[in-house]
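Just so you know, these numbers use all the heavy atoms, side chains as well, and skip hydrogens, waters and symmetry mates. This structure is a prediction, so every number in the text was calculated from the model and none was measured.
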Amino acid sequence: MEKIPVFIIDKNLNIVYLNEYARNIYGNKTGEKCFKTLKGKNSPCTVHCPVINQENIVIAGEDRCIDAVNCKEKTLYKILRNLNETVALSVDEKDILKKFCSVLSQEFGSPHILVKINDSEAKDLIRCGIEGDVEPVITEDVEIINKPSGRFKSVASVPLYKKDNLFGIINLFSEKAGFFSLKDIPLLKEIKKDIESSLNYLESIKESTVLKEAIEKSSEWVIITDSEGKIIYANKTVLEISGYKKEEILHKNLRIFKSGMHPKEFYKELWETILSGNKFEGIFINKKKDGTLFYLKQKIIPVKIDEKDVRFLAIGKDITQELRLAKENEYLRFYDQLTDLLNFEGFVKNASQYLKKTGRTSALIIIDIFDFTYLNKIYGIEAGRIILKSVAHRIKNRFRKRDILGKTGSDEFAILLTDLKNKEDILIIENKIREIFEKNFSVKGKEIKIHFNAGISVYPEDAGNIHKLYENASLSLNNAKEEGADTVRFFNKSLEEKAKNILNSKALVEKAFKNNCFRFYYQPYFNAKDLSVAGFESLARIVDNKGNIYLPSYFIDYLENSPYIEQFTERAFEEVSEKINRWGVPISINISGKLFKNAKLINIISKYSNRLKKSIILEITERIFVEDMNRENKLLKKLKFVPNLKISIDDFGTGYSALSYIKDMDADIIKIDISFTRAVVKDRKSRAVVEGIIHITKSLGIKTVAEGVETKEQLDLLREIGVDYLQGFYLSKPVDEKEAEKRFIKPS
């Protein structure tokens with residue numbers, strides 16, 4: 001149908017009807033004066049139409065008047081005029097048809113029939129004032145049919161469509177030939193259009209009501225927000241899950257459910273996705289009103305309202321229970337219920353994932369409780385369960401959170417020590433294992449000593465995957481069992497030897513502190529010009545009660561990485577400070593790299609240096625210095641402000657640095673490494689290096705010490721090329737306190 005505005009105006013020029021197109025242009029002006037309302041708007045009122053003796057006039061468009069004199073047209077106009085009111089009061093399709101049938105009966109003087117169509121057949125005929133059998137006319141368009149014979153000689157057929165499907169047909173019958181004509185078609189189409197609009201409107205309401213009811217009663221979480229994320233709708237499920245009332249969340253931002261469990265990047269990705277017009281899916285960890293967490297598998301879908309406005313539809317499912325059940329299933333599958341440690345399957349899975357992901361040095365320990373079957377027989381199965389739980393508890397407390405712990409057999413435990421930085425970390429494993437079983441276990445009021453065996457393999461040295469690593473650790477465990485209780489074996493024999501040495505060193509150091517077995521020996525160094533004593537280097541020894549002397553090579557590696565290092569340093573400074581004041585000469589003390597980086601070092605030195613008669617010399621190796629030259633230089637500058645303190649760089653020239661580094665070292669003394677001293681006589685290149693070092697240091701005001709002088713040739717050559725001090729067995733070995741005083745200290 002062409003889009004033209006259609007008005008019905010009574011003889012007083014009041015607007016009694018506007019079609020939909022007219023209402024879209026002018027608004028609903030029913031009941032208002034035509035000229036008053038539409039004057040000056042190029043309105044139909046400007047068209048001159050004869051209205052004398054007419055009840056109504058129809059103005060179609062802006063230049064066409066339709067004659068409304070005869071009764072039939074009046075009736076059609078009345079029907080059209082009253083149609084909106086009639087359908088507005090209808091509640092369903094059947095009601096519309098019945099009420100329209102009633103209007104036809106009242107307003108139309110000829111017999112007529114309404115036909116309802118199902119599956120392209122005439123069914124459920126609704127008759128309005130017709131007598132006898134009348135065959136309805138089926139048509140797809142408004143049609144005027146004139147029949148030359150039969151009772152009814154003029155028929156108007158008006159099809160009705162709902163959602164683009166044929167719904168029903170209005171058949172109007174007249175015994176008068178030519179009663180309906182083509183000029184009636186525009187008005188019939190208006191009737192058709194209004195009824196169809198009403199039918200479709202009712203259908204939309206029905207669908208909307210059904211949809212709203214479905215959403216409201218849905219078990220899904222449904223929220224609609226505005227463009228800023230403020231809630232404008234939440235269904236019943238949202239309230240049930242979150243614990244909020246509707247009035248507590250409406251017009252609030254979705255942040256009301258925020259748990260703080262997601263990183264900022266999660267929300268950044270969310271907003272970037274939905275603002276770009278795409279849906280976002282994810283697992284949301286949300287918070288209820290009472291603060292408890294719930295998990296929501298949720299989609300957020302942007303819905304564009306117009307060019308400027310958008311809504312966000314959030315549809316989700318509460319999966320808290322599912323995750324809890326999944327977690328319980330995972331627990332049953334991968335965890336030992338007695339100890340809460342991973343079982344064998346869980347341990348292998350987690351350890352394998354870690355090794356594949358990181359590839360970092362790790363150590364696998366398998367611990368077996370020695371003769372556990374015997375313990376069960378003697379003390380009972382319940383006591384055995386208590387022992388297993390107690391061992392698991394001690395393992396948890398002894399090892400780090402990032403280590404992977406498991407109970408992998410009836411009386412077997414496994415530990416993967418992860419992310420080991422140094423070999424030393426591996427070598428103290430045995431000590432950690434022994435500490436677990438060091439104290440007795442309390443079982444039903446009894447104190448029981450539990451023994452063990454352990455096997456250890458190292459990744460990646462011993463194996464490249466968890467299965468082979470476990471196999472190798474198991475072989476080591478079997479070897480340990482063959483040797484008896486409390487035995488630990490490494491798959492790698494060289495590591496095992498080192499571990500034994502560490503344990504021996506630990507025992508030696510602990511005994512030395514307990515029994516005051518540390519002694520300091522002193523090796524003098526001499527002025528190169530006259531071979532007079534210039535000072536001493538203090539060297540620690542352990543002397544047991546049998547008189548056995550242990551050199552630093554037996555214990556220094558353990559001591560430097562042990563909890564005793566600060567205590568030992570305090571004792572060393574106290575001892576050396578006392579000798580400096582008694583002998584009146586400088587004495588050097590060697591500082592480990594770990595202690596040199598300790599912030600407490602300056603405080604320890606300052607405690608003794610203030611009251612010294614001569615300088616105490618701090619010796620650090622060149623390797624420690626060049627590891628982080630900027631950091632160490634800053635520390636050296638701070639040490640420069642400590643009174644009676646000098647800095648000596650030991651082992652200089654061992655390949656860690658170049659001669660150019662000397663200018664960056666804020667040091668007082670440089671000790672030329674023994675390897676150059678030994679080669680200086682026979683190797684021209686070594687001599688050139690030593691001469692270069694001496695030349696540069698003299699220009700910088702730094703003294704040099706040649707250590708390891710063992711022959712007269714070396715002595716003479718080093719004096720000749722200008723070294724400042726000499727030290728070595730040729731001149732003197734390290735001697736104890738009494739020997740040093742007797743040989744090198746002049747009585748004051």
Side-chain angles (χ1 to χ4, degrees), residues 361-367 370 391 394-395 397-400 403 413 415 417 420-440 449-458 473 476-477 479-480 483-521 539-572 575 589-598 600:
T361 300
S362 303
L364 174 61
I365 310 165
I366 303 178
I367 301 173
F370 185 78
V391 171
R394 291 189 186 184
I395 287 174
N397 289 338
R398 188 65 58 187
F399 291 91
R400 305 164 300 179
D403 295 328
F413 296 85
I415 302 134
L417 272 73
L420 298 176
K421 299 291 191 298
N422 306 304
K423 288 287 185 182
E424 289 77 8
D425 294 332
I426 299 173
L427 300 177
I428 60 175
I429 291 173
E430 185 171 344
N431 184 51
K432 292 176 76 71
I433 299 169
R434 293 186 185 281
E435 286 173 353
I436 294 170
F437 297 91
E438 193 171 38
K439 294 181 181 179
N440 290 344
K449 176 66 177 176
I450 306 297
H451 300 279
F452 72 96
N453 291 113
I456 303 169
S457 60
V458 178
S476 303
L477 175 63
N479 292 335
E483 296 187 31
D486 301 329
T487 305
V488 179
R489 286 291 172 262
F490 282 77
F491 183 76
N492 187 314
K493 294 301 178 184
S494 63
L495 278 178
E496 188 169 307
E497 287 301 316
K498 290 180 181 179
K500 285 182 179 179
N501 291 337
I502 290 287
L503 282 177
N504 292 336
S505 297
K506 178 178 182 292
L508 184 64
V509 169
E510 288 176 349
K511 187 176 181 181
F513 274 104
K514 183 178 179 180
N515 299 325
N516 195 24
C517 295
F518 280 105
R519 299 289 182 270
F520 285 90
Y521 278 56
L539 300 164
R541 303 284 189 267
I542 293 177
V543 182
D544 65 18
N545 55 6
K546 295 180 181 180
N548 297 315
I549 300 174
Y550 295 91
L551 299 176
S553 57
Y554 282 92
F555 61 84
I556 199 66
D557 286 341
Y558 171 77
L559 180 60
E560 287 184 347
N561 293 283
S562 76
Y564 301 107
I565 186 61
E566 287 185 21
Q567 183 181 349
F568 172 79
T569 304
E570 280 271 4
R571 182 174 295 187
E575 173 80 16
I589 184 169
N590 291 283
I591 296 296
S592 72
K594 186 174 182 180
L595 186 63
F596 185 68
K597 296 171 183 178
N598 192 321
K600 295 180 181 179

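- Between F555 and Y550, the distance separating the two ring centers is not shorter than 6.0 angstrom.
- Between the R434 side chain and the D486 main chain, a donor and an acceptor come within less than 3.5 Å of each other.
- Side-chain contact between L539 and L551 is absent, with no heavy atoms from C-beta onward closer than 4.5 Å.
- Between T487 and A480, the shortest heavy-atom contact is O-CB, 3.4 Å.
- Within the model, atoms CG of D403 and OG of S362 stand 8.5 Å from one another, a figure rounded to the nearest 0.5 Å.
- Between the side chains of E435 and N431, at least one donor N or O sits under 3.5 Å from an acceptor N or O.
- With a 4.5 Å cut-off on side-chain heavy atoms, I433 and I456 count as touching.
- Side-chain N or O atoms of K432 include one that pairs as donor or acceptor with a backbone N or O of R398 at under 3.5 Å.
- In this structure, CG on D544 lies 9.5 Å from CD1 on I542, to the nearest 0.5 angstrom.
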Practice item. Could you go through the side-chain contact (heavy atoms from CB on, under 4.5 Å) check for R400 and L417 one step at a time? Key: CA-CA 8 Å; R400 305 164 300 179; L417 272 73; 4.2 Å; yes
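- Going from atom CZ of F520 over to atom CZ of R541 covers 10.5 Å, rounded to the nearest 0.5 Å.
- In this structure, the side chain of S505 engages the main chain of Y554 through a donor-acceptor pair within 3.5 Å.
- A pairwise comparison of heavy atoms in A454 and I365 identifies CB-CG2, 4.5 Å as the closest pair.
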List the atom pairs, donor and acceptor, that lie under 3.5 Å between side-chain atoms in residues 507-516 and the rest of the protein, sequence neighbours left out.
unit_1: E510; atom_1: OE2; unit_2: K506; atom_2: NZ; d: 2.6
unit_1: E510; atom_1: OE2; unit_2: Y564; atom_2: OH; d: 3.4
unit_1: N516; atom_1: OD1; unit_2: R571; atom_2: NH1; d: 3.3

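- Between the side chain of R394 and the main chain of I436, a donor-acceptor pair closer than 3.5 Å is present.
- Partners of F452 according to the ring-ring contact (aromatic ring centres under 6.0 Å, His included) rule, which considers only residues two or more places apart in sequence or in another chain, are F437.
- Here the shortest heavy-atom pairing between A473 and I366 reads CB-CD1, 3.6 Å.
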Item checked: Steps toward side-chain contact (heavy atoms from CB on, under 4.5 Å) verdict (F491, V458) -> CA-CA 8 Å; F491 183 76; V458 178; over 6 Å; no
